[in-house]
Amino acid sequence: MTPEEVLRQYWGYPAFRPMQREIIESALEGRDTLAILPTGGGKSLCFQVPALLSDGLALVVTPLIALMKDQVQNLASRGIKAMAIHAGMSRREVDVALNNAAYGGFKFLYLSPERLSTDIFNSYLDLLNVSYIVVDEAHCISQWGYDFRPDYLEIGRIRGKLGAPLIALTATATPEVAEDICRHLSFDDRPFNVLKGGFERPNLSYIVRRSEDKTGQLLAVCGGVDGSGIVYMRKRRKCEEVASALTAAGISASFYHAGLGSEERARRQKEWKEGRIRVMVCTNAFGMGIDKPDVRFVVHLDLPDSPEAYFQEAGRAGRDGGRSYALLVWNPDDVKRLSMLRKVSFPDLEYIADIYQKVHIFYGIPYDTGKGRAIRFDLEEFAAHFGLNRQTAHYALKYLERSGHFIYTDDIDIPTRVKIAVGRHELYDTALPSEADVRLLDLLMRGYEGIFSHTVAIDEDRLAAALGGSVPDLRRMLYGLSLEHVIRYVPADHSTLVILRHDRWMPGNVDLQPERYRMLADCFDRRVGTMKQYVGGSDECRSRFLLRYFGQEESEDCGTCDVCRERRRGGREKLLGFAAARPGYTAADLAAFCADPSSGLNPSALDTARDMVDDGEMPPPSPGRG
């Protein structure tokens, strides 16, 4: 099959988007490939199509569990075998998944980066017929990237053992980050391509407004722009307040953040995607992996701390090519908060070293022990116990992850687990409460290998559907069977995990890499400075500003951002003034005025003048030479 035939058969699309075909060709030629495409540019197809055209299994490394699950489900709905291994899975579940990946004819194995260094994964490496190693969110491998993950550095070692070609993808790589990605992935060792799509989004208008009445600005957008939208906030509480304000104004809205349970988050996301909720007010926990093409507006009511985060989140609007808007509303308090965030995000190294010890003390872990231990971590409880600022402690833990001491994974969904507690033969002699319980146990026995010897994760949605009931009904049945001591029932949980990478070190021996710390702090300052320039500027097209940040020097004014619109309004006034002062002007006079740098007009002023003449706003030029 050709790439186009695969595209049509599995996705039903008639043609590739810009740059997709070139990236796919590079991968099919066996070249290492770094693909830099903007949000909404269709990065997933760039590795999924060549993987389907090649023998073996594509190993996809991504830090986004929600994205993993979404893509595995999406591929399965198209008849393509895919699976995911991530934090929150037991060793037994990982072992079964890897065995299936090796022998079950799967085409895609999604893997969270912390799994790359585990013994169980490495024990399967020689058994996996890997066609491609795919590095999603590839900026995470760069020390200059805004979301550096130490586990990504393992990819180079894995590549050395497997020898498969690499496909690295990102939407937010500056030239500095792109160079660092290539270096860490050893692209110089074999033929490679760096393919970069244009970052322009002609259908997306970037608007920046300074206002103290942020909710009023949001209501104006909701009233003036049709279609669905996303509103980004920093704090969970503010998401709930703004969603309530929208609802009170008669706008269908809801909120979404990591503090909600997994089922509730899934329900709200589904309702929004189906159009039953028009506006989702959310933290940055929402959006990864969501491919809703007809989002008409994305509004930021808090100032993002990096151009990368802003560009990615704003880029979720208008993926279908229709006119859409990215509005950022700010005021001087936002700038002050960003400056305060710098202090919170980079507590001093002595504080971070103290947090390292406090985690071990809190869980009673002695010196020289603890390596590999996974802890269900409650940040609220931890901070309250030691009298710590919750946010500062969070960022200290994040830096301990970046410097290689912990894996700190926020808000993991841990699925329901079940073990049948009685023997298979004894089970047939057990009096069960109802026929439905008999049916449930039969489904568990047939569907889950090893359920008599250990707890296994179950698919509640699938089981509930097979029983003709709801997930809450299923849970009541499971709870009832546990009371009868027929099963061991471990309900689904929503937790943060801390995994210890090494045994506990003595005070003074914790390597916190001060050079890296200073480098990260400097990068943070530069990004925050860029965001301040972005909102404070009024003389450069918003689109050109962002494109220049990502290394695209050649671009044109978008014509639709707030800066371009204001410039165009000023240009129209100047053109009307010219016509009033020069009755009987000729076309040559008009062209000369538009081209004169002292007029302050932009290069498209002559086209604007022609439109104004056609619309009757401006008298036509007199006949004459030129």
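Predicted, not measured: the structure shown is a model, and the values here were computed from it. We use all heavy atoms of the structure for the numbers below, so side chains are in, but hydrogens, waters and symmetry mates are not.
- Judged purely by distance below 3.5 Å, without hydrogens or angles, the side chains of R296 and S324 pair a donor atom with an acceptor atom.
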* To do: Please lay out, stage by stage, how K292 and D294 fare under the test salt bridge (Lys or Arg N to Asp or Glu O under 4.0 Å).
  => CA-CA 6 Å; K292 182 172 170 60; D294 58 345; 3.2 Å; yes
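- Other residues, nucleotides and ligands contribute at most 12 non-hydrogen atoms within 6.0 Å of the CD atom of E449.
- Using a 4.5 Å heavy-atom threshold, the side chains of T174 and R527 count as separate.
- Rounded to the nearest 0.5 Å, atoms OH (Y408) and CG (L397) are 5.0 Å apart.
- Side chains of E271 and S254: a donor-acceptor N/O pair is absent below 3.5 angstrom, by distance only.
- Taking the six-membered ring where the residue is Trp, the centroids of F550 and F311 are separated by under 6.0 Å.
- Taking the six-membered ring for Trp, Y256 and W272 have ring centres at least 6.0 Å apart.
- Between the CG atom of L341 and the CG atom of D305 there is a distance of 5.5 Å, given to the nearest 0.5 Å.
- By the 6.0 Å contact criterion, CZ on R78 is enclosed, its count of non-hydrogen atoms from other residues, nucleotides or ligands being greater than 12.
- In this structure, CD in Q71 is found 4.5 Å from CZ in F47, a value given to the nearest 0.5 Å.
- Checking S131 against S54 by side-chain atom types alone, no donor-acceptor pair falls below 3.5 Å.
- If you check the side chains of E308 and H139, you find no donor sitting under 3.5 Å from an acceptor.
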* So R157 and E154, salt bridge (Lys or Arg N to Asp or Glu O under 4.0 Å) or not? Walk me through it. -> CA-CA 5 Å; R157 179 186 64 81; E154 284 288 310; 2.7 Å; yes
* R501/D151 under salt bridge (Lys or Arg N to Asp or Glu O under 4.0 Å): CA gap, chis, key distance, verdict -> CA-CA 11 Å; R501 289 183 176 274; D151 292 294; 2.3 Å; yes
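- Under the side-chain contact (heavy atoms from CB on, under 4.5 Å) criterion, E264 pairs with L260, R267, R268, sequence neighbours left out.
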Acceptor/donor pairs from residues 158-167 side chains to any protein atom, 3.5 angstrom cut, sequence neighbours excluded:
unit_1 : atom_1 : unit_2 : atom_2 : d
R159   : NE     : A164   : O      : 3.3
R159   : NH1    : D32    : OD1    : 3.2
R159   : NH1    : D32    : OD2    : 3.1
R159   : NH2    : D32    : OD1    : 3.4
R159   : NH2    : D32    : OD2    : 2.9

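- No hydrogens or angles considered: nothing links the side chains of T172 and Q312 as a donor-acceptor pair under 3.5 Å.
- At a threshold of 4.5 Å between non-hydrogen side-chain atoms, the residues T170 and I36 count as touching.
- A donor atom on one side chain and an acceptor atom on the other are not found under 3.5 Å apart for H86 and Y110.
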